[in-house]
Amino acid sequence: MSKFINVGVDIIEHGLFEGQYKVPNGMSYNSYLLLGEKVCLVDTVDKLATDKWLQNLENSLNGRDIDYLIISHAEPDHSFNIAMLINKYPNMQIVATAGCLKIISQFYAIPDNTKQIIAKDGDILDCGDRKLQFYTAPMVHWPEVMVTYDTTNQILFSADAFGRFGISSKNDNWIDDAREYYINIVGKYGIQTQTLLKKLSVLIIKTICPLHGNVLENNIDYYINLYDIWSSYKPETQGVFIAYTTVYGNTENVAKKLYEKLQAQNIDCTISNLTYSEISENIEQAFKYSHIVLATTTYENSIFPAMNDFLNHIAHKNFQNRRVGIIENGSWATTAGKLIKAKLAELKDIEIIEPMVSILSAPTDTTWTKLDELAQSLINDIKK
């Protein structure tokens with residue numbers, strides 16, 4: 001009995017994922033075929049991958065019918081081909097949560113006589129030589145999601161959990177791609193992810209099969225521990241992410257000088273110009289580090305647009321439990337720092353690292369003195 005066959009497809013030349021995320025390294029759409037006494041298919045794929053996926057599926061079936069289609073998640077990048085499969089395999093039974101079946105019917109015309117099994121938390125599907133147990137995972141990252149545990153082979157089919165950006169055949173940068181994926185796709189729902197992790201904690205898991213990214217084997221505790229860190233909003237790394245915007249280069253000069261000072265003291269840090277870099281990567285870095293410094297200009301009596309957009313994004317993802325330094329710039333009526341503090345005050349467990357550095361158009365001796373003080377405050381706070 002084969003444990004599973006990934007009949008999914010890697011899309012190298014990919015547009016925006018979910019209509020907003022650039023994926024320069026492509027995207028994988030996984031679909032898992034379980035061959036045994038019964039034939040089970042775990043999820044279909046996006047319309048971008050349909051033709052190649054169907055070829056993979058039919059070659060692997062080698063003439064057999066599908067007994068069960070297990071639907072982990074109703075989002076169209078996994079469910080697009082359900083109606084086609086129902087027509088092609090009329091005896092196939094669909095297994096999904098009640099919420100999933102409802103959403104599926106909103107996307108596709110499902111025949112009334114389709115055979116359906118409503119999966120509830122803890123239910124087991126006996127496939128003869130393997131037993132599949134279902135665990136609901138609401139809001140990881142839609143409300144109808146479930147994961148499937150092959151109790152016989154100790155394999156977790158994890159839906160979008162433990163996925164990553166990039167293609168499945170390339171996994172040399174798993175942690176960065178997975179962090180960026182988790183924070184941007186699932187990260188708002190840390191409490192719900194924690195609930196799923198508690199359910200999984202009683203299981204022996206040897207393999208994790210996500211719907212995006214590569215299959216995870218060996219050192220499974222490493223992956224689960226990272227998900228625990230990310231979903232509990234703990235810093236993964238003690239260090240500083242410096243996020244800045246600049247108009248004429250003065251704010252950039254101060255931000256880069258801070259970066260140099262921190263590096264000189266062996267502080268783990270990274271720096272990004274928010275205007276020119278990918279928002280998804282900047283959000284990821286904000287959640288990775290224990291400290292963040294926001295350096296920006298006052299723009300039309302408000303916060304410079306790229307910084308304001310960044311702050312709105314991290315707030316939407318439940319940014320919390322971090323320490324923040326602020327560098328503001330303005331030529332008159334400098335208000336950026338005050339407005340940033342007001343935004344941060346709405347978030348949970350955010351501590352401001354003093355002093356705030358104020359630049360009046362261009363840095364002066366006073367600016368550099370205050371920057372030294374901010375750098376030392378950051379260094380002391382991290383090293384303690």
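Values in this document were obtained by computation on a predicted structure and should not be read as measured data.
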Which label fits His141 and His73: parallel for a plane angle under 30°, tilted from 30 to 60°, or perpendicular past 60°? perpendicular
Where does the angle between the aromatic ring planes of Trp174 and Tyr223 fall among parallel (under 30°), tilted (30 to 60°) and perpendicular (over 60°)? perpendicular
Is it true that atom [atom1] of [X] has more than 12 heavy atoms of other residues, nucleotides or ligands lying nearer than 6.0 Å?
{"X": "Tyr248", "atom1": "OH", "value": "no"}
{"X": "Lys188", "atom1": "NZ", "value": "yes"}
{"X": "Ile204", "atom1": "CD1", "value": "no"}
{"X": "Asn380", "atom1": "CG", "value": "yes"}

Would [X] and [Y] count as having a side-chain donor-acceptor pair, cut-off 3.5 Å?
{"X": "Ser280", "Y": "Glu180", "answer": "yes"}
{"X": "Asp51", "Y": "Gln55", "answer": "no"}
{"X": "Gln106", "Y": "Lys102", "answer": "yes"}
{"X": "Thr275", "Y": "Thr245", "answer": "no"}
{"X": "Asn312", "Y": "Lys343", "answer": "yes"}

Interatomic spacing from [atom1] in [X] to [atom2] in [Y] - rounded to 0.5 Å:
{"X": "Ser60", "Y": "Leu41", "atom1": "OG", "atom2": "CG", "answer": "10.0 Å"}
{"X": "Leu258", "Y": "Leu374", "atom1": "CG", "atom2": "CG", "answer": "5.5 Å"}
{"X": "Leu132", "Y": "Asp123", "atom1": "CG", "atom2": "CG", "answer": "12.0 Å"}
{"X": "Asp10", "Y": "Glu13", "atom1": "CG", "atom2": "CD", "answer": "12.5 Å"}
{"X": "Arg322", "Y": "Leu344", "atom1": "CZ", "atom2": "CG", "answer": "13.0 Å"}
{"X": "Leu360", "Y": "Glu328", "atom1": "CG", "atom2": "CD", "answer": "8.5 Å"}

Would you sort out whether Leu262 and Ile242 count as a side chain to side chain contact (heavy atoms under 4.5 Å, CB included), showing the intermediate values? CA-CA 10 Å; Leu262 296 176; Ile242 303 171; 4.2 Å; yes
Same apolar cluster: [X] and [Y], side chain cutoff 4.5 Å:
{"X": "Phe162", "Y": "Trp142", "answer": "yes"}
{"X": "Val147", "Y": "Leu226", "answer": "yes"}
{"X": "Tyr108", "Y": "Val45", "answer": "yes"}
{"X": "Ile379", "Y": "Tyr289", "answer": "no"}
{"X": "Trp230", "Y": "Met139", "answer": "no"}

Does some side-chain heavy atom of [Y] sit less than 4.5 Å from a side-chain heavy atom of [X]?
{"X": "Leu371", "Y": "Lys261", "answer": "yes"}
{"X": "Leu57", "Y": "Ser31", "answer": "no"}
{"X": "Phe107", "Y": "Ile82", "answer": "no"}
{"X": "Phe157", "Y": "Ile70", "answer": "no"}
{"X": "Asn81", "Y": "Leu54", "answer": "no"}
{"X": "Asp228", "Y": "Gln194", "answer": "yes"}
{"X": "Tyr233", "Y": "Ile191", "answer": "no"}
{"X": "Asp160", "Y": "His78", "answer": "yes"}

State whether Lys288 and Glu284 are salt-bridged, where the test is any N-O pair (Lys NZ or Arg NE/NH1/NH2 against Asp/Glu carboxylate O) under 4.0 Å. no
Would you call Lys3 and Asp150 a salt bridge, using N to O less than 4.0 angstrom? no
Can you list the steps and then say if Ile327 with Ile359 is a side chain to side chain contact (heavy atoms under 4.5 Å, CB included)? CA-CA 8 Å; Ile327 300 171; Ile359 310 164; 3.8 Å; yes
With side chain to side chain contact (heavy atoms under 4.5 Å, CB included) as the criterion, how do Asn250 and Ser361 come out once you've worked through the C-alpha distance, each side chain's angles and the decisive distance to 0.1 Å? CA-CA 7 Å; Asn250 292 303; Ser361 300; 5.7 Å; no
The salt bridge (Lys or Arg N to Asp or Glu O under 4.0 Å) partners of Asp43 (sequence neighbours excluded) come to none
Which residue is it: Asp121, Thr195, Thr97? I am looking for the one with a side chain to side chain donor-acceptor pair (under 3.5 Å) to Thr136. Asp121
Return the set of residues passing ring pair (Phe, Tyr, Trp, His ring centres under 6.0 Å) with Tyr299 (not counting sequence neighbours), or none when no residue passes. Phe304
Taking all non-hydrogen atoms of both residues, which atom of [X] and which atom of [Y] are closest, and how far apart?
{"X": "Tyr68", "Y": "Met92", "answer": "C-CG, 4.2 Å"}
{"X": "Thr367", "Y": "Ser358", "answer": "OG1-O, 4.1 Å"}
{"X": "Ala286", "Y": "Ile314", "answer": "CB-CG2, 4.2 Å"}
{"X": "Asp129", "Y": "Gly36", "answer": "OD2-CA, 3.3 Å"}
{"X": "Ile208", "Y": "Ser158", "answer": "CG2-OG, 3.5 Å"}
{"X": "Met146", "Y": "Val95", "answer": "CE-O, 3.8 Å"}

So among Leu311, Ile283, Ile292, which one has a side-chain contact (heavy atoms from CB on, under 4.5 Å) with Phe319? Ile292
Among Asp268, Ile382, Ile267, find the one that has a side-chain contact (heavy atoms from CB on, under 4.5 Å) with Gln238. Ile382
Looking at Ile303, is its backbone amide N or carbonyl O close enough to the side chain of Asn308 to form a donor-acceptor pair, meaning the two atoms are under 3.5 Å apart? no
Using only atom types and a distance under 3.5 Å, with no angle test, would you say the side chain of Ser79 pairs donor to acceptor with the backbone of Ala74? yes
Would the Phe4 and Tyr32 ring centres measure less than 6.0 Å apart? yes
Please name all residues satisfying side-chain contact (heavy atoms from CB on, under 4.5 Å) with Asp46, sequence neighbours left out, ordered by chain then number. Tyr29, Leu48, Asp77
Residue pair Leu378, Ile353: steps toward the side chain to side chain contact (heavy atoms under 4.5 Å, CB included) verdict: CA-CA 7 Å; Leu378 290 164; Ile353 298 291; 4.2 Å; yes
Show the numbers, then the answer: is there a side chain to side chain donor-acceptor pair (under 3.5 Å) between Thr298 and Thr334? CA-CA 6 Å; Thr298 300; Thr334 306; 4.8 Å; no
